[in-house]
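Notes to accompany the following structure.
Everything numeric in this text was worked out from a predicted model, so none of it was measured. Hydrogens, waters and symmetry mates are skipped; everything else that's a heavy atom, side chains included, is used.
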Amino acid sequence: MSQQKIRVRFAPSPTGPLHIGGVRTALFNYLFAKKLGGTFILRIEDTDSTRFVPGAEAYINEALQWMGLAVDEGVHEGGAYGPYKQSERKTIYKEYANRLIADDWAYYAFDTPEELEAIRSAYEADKKTFAYDIQSRQGLNNSLNLSGDEVQARIESGQPYVIRFKMPENYEVTADDIIRGHVSFNTSTLDDKVLYKSADELPTYHLANIVDDHLMEISHVIRGEEWLPSLPLHVMMYKAFGWSDTMPAFAHLPLILKPSGKGKLSKRDGDKDGFPVFPLAYTSPAGEVASGYRESGYFPEAVNNLLAFLGWNPGTEQELFSLTELTEAFSLERVNKAGARFDPEKAKWFNHQYLIQKSEAELAAAFMPFLKEQGVRAEIEKVEQIVGLVKERVSFVSELWEQTFFFFEAPTEYDDKVAKKRWKGDVPAFMSELIVFFDQSPVWDATELKEKASELINAKGIGFGNVMNALRLALTGGAFGPDLFAIVELLGKEETIKRVQTALDQL
């Protein structure tokens, strides 16, 4: 393999937002190429003009950039094998379709959609399923049953036609899939797929895909399991073109399953259970909005790590991998055949792990816009200290506010349950003494304050826990927050005294 030039492609269609299954395909292609010093290509497969969605191509590029999956060759990057958009390669495909006809591997079919629909309906009435294949094609409106002159006349008159692959009878198609091992198909079970349509002068996926992979010298086709049924046709097309010797190696990735484990993960599952299935938020041309991992507060490193573990495992106990570490550890041989169940809670766990690894400076900078939304103005140095106290408690930057709001605004009300339980007996009277203690403390340091306050409380014979819980109530309005004296130190002398006095007045 080291002697072979490794070239892989991620080839999405710009028909809407990129599903995370597609992102995982891109990631696995990227990791495979980078590990082996190869080339990662982005090819836009936009030959199906009826399903094209404006803005979808830009979305694909932005998603890959956000994930950190740098493209080596593509529409924007250029390269020696372009164009990298199939609609700009139109003139190439007709030549190859004609070559298959000349070599008796394909034929013209003139059946209209109405004629085919009528045949399908007749089959259904007999409780059968129609397929345009070796059995049915002999009685249909195609060049296998028409004279050469008639075929020529129809084409010259502008009659619409398609070019279909002529699947041979009872031939065993075999291939070695890197993930699934040896696979075998019999051509008698396969239909004659459309390769080219004269109506729009465009190839179908199958022809464009094979021709482009050959011309771009793709060494490995790494794609989703849903393409496995197309493998025998693709292998046969390589054979028909005489390209079997340079045919790429295939690897079909397992499906990403719903959290229940039953069926393929879809956008509806995300909508229903409240988690994203797209890398970035997306608004459809009709105005329908779908959430994205980026906008939901996930870090790209967490999403890469999450997706890598959907179908692949490193064979060790390690769970957290940077993109560089994933590249070093990745191999297709360690990708599973079985579908991988998506776990929204595991996604949050990954994000939490990456959040706590980030520096206070990074988190504070990310938190500042949320503070601005709350109308809070704060010094970045203070925000850094605050997020350092609570980052272990959250999975997303957006959750920092509910853990820290009391640092920025004094309580205006107090938790009734906590007040009834903690603000009673000797405690309120002692709070006045605590104000004096705070006011006279020469050093404003959490450790020192805690030590001296403990001595004072013990000398008075009041329960340390009772006083601390009451003080927490006065400072935060409830029974929450990080280390109490860390709160005291960060609030400062003046604000701490003011809050205790307010609690005395109101409670």
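Between the side chain of Asn469 and the backbone N or O of Gly465, at least one donor-acceptor pair lies under 3.5 Å. With hydrogens and angles disregarded, no donor-acceptor distance shorter than 3.5 Å links the side chain of Asn304 to the backbone of Ser322. Judged by distance alone, with hydrogens and angles left aside, the side-chain atoms of Asn29 form a donor-acceptor pair with the main-chain N or O of Ile222 at under 3.5 Å. Here the side chain of Asn458 pairs a donor or acceptor atom with the backbone of Ser454 at under 3.5 angstrom. Within the 3.5 Å criterion, the main-chain N or O of Pro276 finds a donor-acceptor partner in the side chain of Tyr293. Asp269 places no side-chain N or O within donor-acceptor distance of the main-chain N or O of Lys258, the cut-off being under 3.5 Å. Between the Thr283 side chain and the Gly287 main chain, no donor and acceptor come within less than 3.5 Å of each other. Remark: side-chain polar atoms of Asn209 are not paired, donor with acceptor, to backbone N or O of Tyr205 under 3.5 angstrom.
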Show me, pair by pair, the donor-acceptor contacts under 3.5 angstrom made by side chains of residues 62-81, not counting sequence neighbours?
| from | atom 1 | to | atom 2 | distance (Å) |
| --- | --- | --- | --- | --- |
| Glu62 | OE2 | Arg294 | NH1 | 2.9 |
| Glu62 | OE2 | Arg294 | NH2 | 3.0 |
| Asp72 | OD1 | Lys34 | NZ | 3.2 |
| Asp72 | OD2 | Lys34 | NZ | 2.7 |
| Asp72 | OD2 | Phe40 | N | 2.8 |
| Glu73 | OE1 | Arg7 | NH2 | 3.0 |
| Glu73 | OE1 | Tyr84 | OH | 2.6 |
| Glu73 | OE2 | Arg7 | NH1 | 2.8 |
| Tyr81 | OH | Lys5 | NZ | 3.1 |
| Tyr81 | OH | Glu217 | OE1 | 3.3 |

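In the displayed structure, Lys35 atom NZ is contacted under 6.0 Å by more than 12 heavy atoms of other residues, nucleotides or ligands. More than 12 heavy atoms of other shown residues, nucleotides or ligands fall within 6.0 angstrom of atom CD in Gln374. For Asp483, the CG atom is densely surrounded, since the number of other residues' heavy atoms within 6.0 Å is greater than 12. For Lys498, the NZ atom sits in a loose shell: 12 or fewer heavy atoms of surrounding residues, nucleotides or ligands are nearer than 6.0 Å.
Between Phe408 and Trp401, the ring planes are parallel. Angles under 30° get that label, and only those over 60° would be called perpendicular.
A distance below 6.0 Å separates the ring centres of Trp444 and Phe438. Ring centers of Tyr298 and Phe396: under 6.0 Å apart, within the cut-off. For Phe330 and Tyr30, the ring centers sit 6.0 Å or farther from each other.
Arg223 and His252 share a side-chain donor-acceptor pair at under 3.5 Å. Neither side chain, Asn351 nor Ser395, offers a donor N or O lying under 3.5 Å from an acceptor on the other.
Taking the charged nitrogens against the carboxylate oxygens, Lys358 and Glu301 do have a contact shorter than 4.0 Å, which makes a salt bridge.
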Please test Asp271 against Lys267 for salt bridge (charged side-chain N to carboxylate O under 4.0 Å, His left out), starting from the C-alpha separation and ending with a verdict. CA-CA 6 Å; Asp271 292 341; Lys267 178 182 175 297; 2.8 Å; yes
